[in-house]
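Along the sequence shown, the residues carry numbers beginning at 1. Owing to the predicted nature of the structure, the values given are computational and were not obtained by experimental measurement.
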Amino acid sequence: MSAQGTGFTEKTFTFFEELAAHNDRDWFRAHRDVFDQYVDEPFVALLEEVTARLADTDVPLRGGSATTFRMNRDVRFSPDKSPYTTSRSGLLTPSGTKTEDGGLVYVQLSADGGLLAGGLYKPPTARLDPLRRSMVEDPDRFTAVVDDLAAAGLELERSDAVRTMPRGYAEHADHPLADHLRLRQLVVMRPLPRSTWLDDTVTDRVTAFAQDVSPLLRIVTLR
């Protein structure tokens, strides 16, 4: 049974499971109508509905068809020549486009359910450095953000942290936020189980996540 107003059904997840087993252009073309009806159209509608819900909040992020990522993979430099990614993903951003260098929310739908991510993803050093300086100069502000995230059950991802203090910050090895200074991205994540897509909660979950992550989005946008 589909979720009320979403269009996601068991066929959504069956599509991804079968795509993983038959990842070729002929199979995808033969099942394009299933993709359109049970994956693409409801996914875009989800981004649009969340956009409407956030419009009058303090985090008016926007998304829709223009902020989704292509299913086609870039296989030029990959040993895996499978032509399609096995997930549907898109963004909610301040501008409603994918060309953002500030905070955003990422939504992913896949065979096991999917995930939400928010913050600043793998920025160049020149973009990350002002944030590190802000941590050093005003630790209380960043600590307040970390506390707000923790209250929402969120924690900054540490899997991509550098092992030693980044260049220019060696003297801050004993700083209260030294562990955060070593982060190469400022991102939090939350899983989206299959059940949230199949009942009437996925739109609520995405909207709530955007609001929960808003303190981080504001600080990574240097506001």
Side-chain angles (χ1 to χ4, degrees), residues 3-8 12 39-69 87-110 112-123 127-128 131 134 141-160 180 183-223:
Q4 181 180 358
T6 67
F8 299 108
T12 304
V39 178
D40 188 52
E41 292 173 6
F43 188 80
V44 170
L46 168 65
L47 296 179
E48 292 173 343
E49 175 59 25
V50 174
T51 296
R53 294 191 184 192
L54 294 174
D56 296 323
T57 72
D58 62 352
V59 56
L61 302 178
R62 294 183 286 149
S65 59
T67 61
T68 59
F69 292 99
S87 63
R88 190 72 174 120
S89 57
L91 302 176
L92 293 159
T93 68
S95 66
T97 72
K98 289 186 289 188
T99 56
E100 291 283 347
D101 68 351
L104 52 79
V105 167
Y106 171 81
V107 186
Q108 184 183 89
L109 167 63
S110 59
D112 62 355
L115 61 87
L116 295 166
L120 189 64
Y121 178 71
K122 293 186 176 180
R127 178 68 181 80
L128 186 57
L131 294 166
S134 177
R141 183 185 181 209
F142 193 81
T143 298
V145 171
V146 172
D147 290 344
D148 286 342
L149 295 174
L154 298 169
E155 184 177 355
L156 287 164
E157 287 290 312
R158 299 179 180 274
S159 58
D160 198 35
H180 295 91
L183 297 178
R184 288 191 287 192
Q185 59 183 352
L186 298 173
V187 171
V188 295
M189 301 177 69
R190 180 175 287 165
L192 276 177
R194 286 175 64 153
S195 60
T196 64
W197 300 89
L198 296 173
D199 59 25
D200 61 355
T201 64
V202 65
T203 308
D204 295 338
R205 298 279 186 111
V206 178
T207 304
F209 178 79
Q211 294 172 315
D212 288 343
V213 80
S214 62
L216 177 61
L217 300 184
R218 283 192 291 271
I219 203 168
V220 300
T221 311
L222 300 178
R223 292 177 182 171

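Side-chain contact between Leu156 and His180 is present, with heavy atoms from C-beta onward closer than 4.5 Å. Side-chain contact between Leu92 and Thr67 is absent, with no heavy-atom pair separated by less than 4.5 Å. You'll find the side chain of Val145 stays beyond 4.5 Å of the side chain of Arg218, heavy atoms only. Residues Leu216 and Leu154 fail the side-chain proximity criterion, which asks for heavy atoms closer than 4.5 Å.
Expressed to the nearest 0.5 Å, how far CG of Leu120 lies from OG1 of Thr221 amounts to 8.0 Å. Note: Leu104 CG to Leu217 CG = 7.5 Å, rounded to the nearest 0.5 Å. In this structure, the separation between OH on Tyr121 and CZ on Arg184 is 11.5 Å, given to the nearest 0.5 Å. A distance of 7.5 Å separates CG in Leu131 from CD1 in Ile219, rounded to the nearest 0.5 Å. Interatomic distance, CG of Leu128 versus CD of Gln185, reported as 9.5 Å (0.5 Å rounding). Arg205 CZ to Asp212 CG: the interatomic distance, rounded to the nearest 0.5 Å, is 11.5 Å.
Of all heavy-atom pairs spanning Arg88 and Thr68, the tightest one is NH2-OG1, 3.5 Å. Residue Leu47 comes nearest to Val107 through the heavy atom pair CD2-CG2, 4.1 Å, listed as atom of the first residue, atom of the second, then distance. Across Leu183 and Glu157, no two heavy atoms sit closer than the pair CD2-O, 3.5 Å. A pairwise comparison of heavy atoms in Leu149 and Val213 identifies CD2-CA, 4.2 Å as the closest pair. For Ser87 against Ser110, the heavy-atom pair with the smallest separation is CB-CB, 3.9 Å. Of all the heavy atoms in Val44 and Gly64, the pair that sits closest is CG1-C, 4.1 Å.
Qualifying salt bridge (Lys or Arg N to Asp or Glu O under 4.0 Å) partners for Arg62, counting only residues two or more places apart in sequence or in other chains: none. For Asp148, the side chain to side chain contact (heavy atoms under 4.5 Å, CB included) test picks out Pro215, with sequence neighbours left out.
Looking only at distances, no side-chain donor or acceptor of Thr207 sits under 3.5 Å from a matching main-chain atom of Val50. In this structure, Trp197 contributes its side chain and Gly113 its backbone to a donor-acceptor pair below 3.5 Å.
A salt bridge between Lys122 and Asp160 is absent, with no side-chain N of the basic residue lying under 4.0 Å from a carboxylate O of the acidic one.
Considering Leu192, Leu115, Leu116 as possible partners of Gln108, the one that fulfils the side chain to side chain contact (heavy atoms under 4.5 Å, CB included) test is Leu115. Screening Leu46, Thr12, Val202 for a side chain to side chain contact (heavy atoms under 4.5 Å, CB included) involving Leu109 leaves a single residue, Thr12.
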Before you tell me yes or no, could you show the steps for Gln211 and Thr57 under side chain to side chain contact (heavy atoms under 4.5 Å, CB included), namely the whole-Å CA-CA distance, both residues' side-chain angles and the distance that decides it to 0.1 Å? CA-CA 8 Å; Gln211 294 172 315; Thr57 72; 3.7 Å; yes
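Heavy atoms of other residues, nucleotides or ligands lying less than 6.0 angstrom from CG of Asp147 number more than 12.
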